[in-house]
Amino acid sequence: MAEDGRACYVYGVVTDDRPDESVKDLPAVGDPEAPVTLVRQGGQAAVVSEVPVDKPLGTPEDLRTHARVLDHLAAQGSPVLPFRFGTVVRDTAAVADELLVEGHDDFARGLDRLRGRTQLTVRARYDEDAVLREVVTEQPEARRLRDELRGLPEDAGYEQRIELGQLVMDSIAAKRSVDALELDRRLAPYALGSVSEEPASPEGLINASFLVEDAKRQAFEEAAEELAAHWHGRVRMRLLGPLAPYDFVADATFEGDATLEGKEGDE
């Protein structure tokens, strides 16, 4: 049981075949000196560490450490169910007797569905200069407005600047839709599922996560490399992984005909 003034931080759940050494020397959220350990119950194990109850969590380092622990476990090849950042339980006894007991069936379902699979995430953003050149080349109105504004002082041509800015934003949004479909067309055939979102920055193209079977990971990575080469000088791509399957936990633990099972049945 945790000492007074301390509680139990839970990173996620793994199968009970994980050795204790698999979490040895990992950094811990909230207290870098706290050991990360496994609490075992019913064929499953929660990945935990102690945290002081009087210290608020949520620093950038806390968030990075949470992900670092889970991604380390995912890279070892056995399934992992990541918990949301900030999951804190009273003590290890509560983890074993309450969390793992009450969630056993959902955890077992999720771990089984995620076995042999990891998350790979693609972050793509436009090269700002390159995409602006495309817009000016493809849009005669953009060229006209640019030429009108050339040489004018900053406080002149206000309406033209607004019009040009809106035209550029609309053009990039149209490109983003087409390019996001191209990315999905090239990478989705190697994945069981995908989740995507538009990035917040104006030059962002897409952030897309894919659940990929281990047997198809090399093919997925090769397809991503081919797309990056195709877009070289225009789009900057980063491939992250293997990661813990953050974006696929809800589907994996869902009781019923999960999307992931449906995709398997179509193969």
Side-chain angles (χ1 to χ4, degrees), residues 8-29 36-49 64-87 89 92 95-96 98-122 187-188 190-195 208-221 239-267:
C8 201
Y9 186 91
V10 185
Y11 301 86
V13 173
V14 297
T15 50
D16 193 34
D17 56 359
R18 293 266 189 171
D20 292 335
E21 290 74 19
S22 65
V23 297
K24 185 179 180 182
D25 299 328
L26 286 175
V29 168
V36 178
T37 60
L38 298 174
V39 177
R40 303 176 187 275
Q41 173 70 35
Q44 299 166 358
V47 185
V48 306
S49 63
R64 286 191 292 267
T65 299
H66 177 85
R68 196 175 299 133
V69 170
L70 290 164
D71 293 341
H72 172 84
L73 294 169
Q76 292 177 344
S78 295
V80 55
L81 284 177
F83 280 20
R84 290 182 181 275
F85 173 82
T87 301
V89 178
T92 55
V95 171
E98 298 173 17
L99 179 67
L100 290 177
V101 170
E102 294 172 5
H104 179 274
D105 291 348
D106 288 339
F107 299 156
R109 186 182 306 112
L111 289 167
D112 182 61
R113 287 173 174 167
L114 293 172
R115 188 178 297 278
R117 304 165 182 181
T118 52
Q119 178 171 317
L120 297 174
T121 295
V122 176
L187 301 185
Y190 305 102
L192 292 167
S194 64
V195 177
S209 295
F210 298 85
L211 187 67
V212 180
E213 292 178 299
D214 293 344
K216 294 185 178 180
R217 181 178 161 191
Q218 182 176 349
F220 181 96
E221 292 174 346
L239 178 61
L240 308 177
L243 306 174
Y246 306 99
D247 294 312
F248 303 97
V249 171
D251 199 33
T253 56
F254 177 71
E255 185 176 7
D257 295 329
T259 303
L260 302 184
E261 290 185 334
K263 288 206 172 194
E264 287 180 298
D266 292 339
E267 292 180 347

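Keep in mind the model is a prediction, meaning the values are calculated, not measured. Positions are given from 1 along the sequence.
- The two residues A46 and L100 make their nearest non-hydrogen contact at N-CD1, 4.0 Å.
- Heavy atoms only, all atoms of each residue included: P82 and L70 are closest at CB-CD1, 3.6 Å.
- Taking the side chain to side chain donor-acceptor pair (under 3.5 Å) definition, one finds that D247 meets it with Q119, S209, sequence neighbours left out.
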Next item on the list: Assess whether side chain to side chain contact (heavy atoms under 4.5 Å, CB included) is satisfied between T15 and R115, documenting all intermediate values.
Entry: CA-CA 10 Å; T15 50; R115 188 178 297 278; 3.6 Å; yes
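- Taking CZ of R84 as the start and OH of Y246 as the end, the distance is 13.0 Å to the nearest 0.5 Å.
- Here the options are T37, L99, V95, the test is side-chain contact (heavy atoms from CB on, under 4.5 Å), and the partner is C8; only V95 passes.
- Between F83 and H66, the shortest heavy-atom contact is O-NE2, 3.1 Å.
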Next item on the list: Quick one: do V36 and V47 satisfy side chain to side chain contact (heavy atoms under 4.5 Å, CB included)? Show the steps, please.
Entry: CA-CA 7 Å; V36 178; V47 185; 3.6 Å; yes
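- With sequence neighbours left out, the side chain to side chain donor-acceptor pair (under 3.5 Å) criterion links D16 to R40.
- Side chain of R113 to main chain of A252: a donor-acceptor pair is present (N/O by atom type, distance under 3.5 Å, no hydrogens or angles).
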Note to self: Please evaluate residues V69 and V29 with respect to the criterion side chain to side chain contact (heavy atoms under 4.5 Å, CB included), reporting the C-alpha separation (whole Å), side-chain torsions for both, the decisive distance (0.1 Å), and the verdict.
What the structure shows: CA-CA 9 Å; V69 170; V29 168; over 6 Å; no
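- From F248, atom CZ reaches atom CZ of F210 across 8.0 Å, with rounding to the nearest 0.5 Å.
- With sequence neighbours excluded, the residues forming a side-chain contact (heavy atoms from CB on, under 4.5 Å) with A74 are V80, A244, listed by chain and number.
- A search for salt bridge (Lys or Arg N to Asp or Glu O under 4.0 Å) contacts involving D105 returns nothing, not counting sequence neighbours.
- Residues L120 and P242 come closest through the heavy atom pair CD2-CA, 3.9 Å.
- Among residue pairs with one or both ends in residues 69-81, none qualify as salt bridge (charged side-chain N to carboxylate O under 4.0 Å, His left out); sequence neighbours excluded.
- The two residues T253 and D106 make their nearest non-hydrogen contact at CG2-O, 3.6 Å.
- Residues forming a side chain to side chain donor-acceptor pair (under 3.5 Å) with D25 (at least two apart in sequence, or on another chain): none.
- By the side-chain contact (heavy atoms from CB on, under 4.5 Å) test, Q76 pairs with R18, S22, H72, L73, sequence neighbours left out.
- Judged as a salt bridge (Lys or Arg N to Asp or Glu O under 4.0 Å), and not counting sequence neighbours, D112 has no contacts.
- Sorted by first and then second residue, the salt bridge (charged side-chain N to carboxylate O under 4.0 Å, His left out) pairs with a member in residues 73-83 form an empty list; sequence neighbours excluded.
- Contacts of Y190 classified as side-chain contact (heavy atoms from CB on, under 4.5 Å), with partners at least two apart in sequence or in another chain: A219, F220, A223.
- Taking CG of L81 as the start and CD of Q44 as the end, the distance is 8.0 Å to the nearest 0.5 Å.
- For R64, the side-chain contact (heavy atoms from CB on, under 4.5 Å) test picks out P60, E61, R68, with sequence neighbours left out.
- Contact record, S49 with Y11: OG-OH, 2.8 Å, taken as the closest heavy-atom pair.
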Item checked: From CA spacing to verdict: side chain to side chain contact (heavy atoms under 4.5 Å, CB included), L114, L211 -> CA-CA 9 Å; L114 293 172; L211 187 67; 4.0 Å; yes
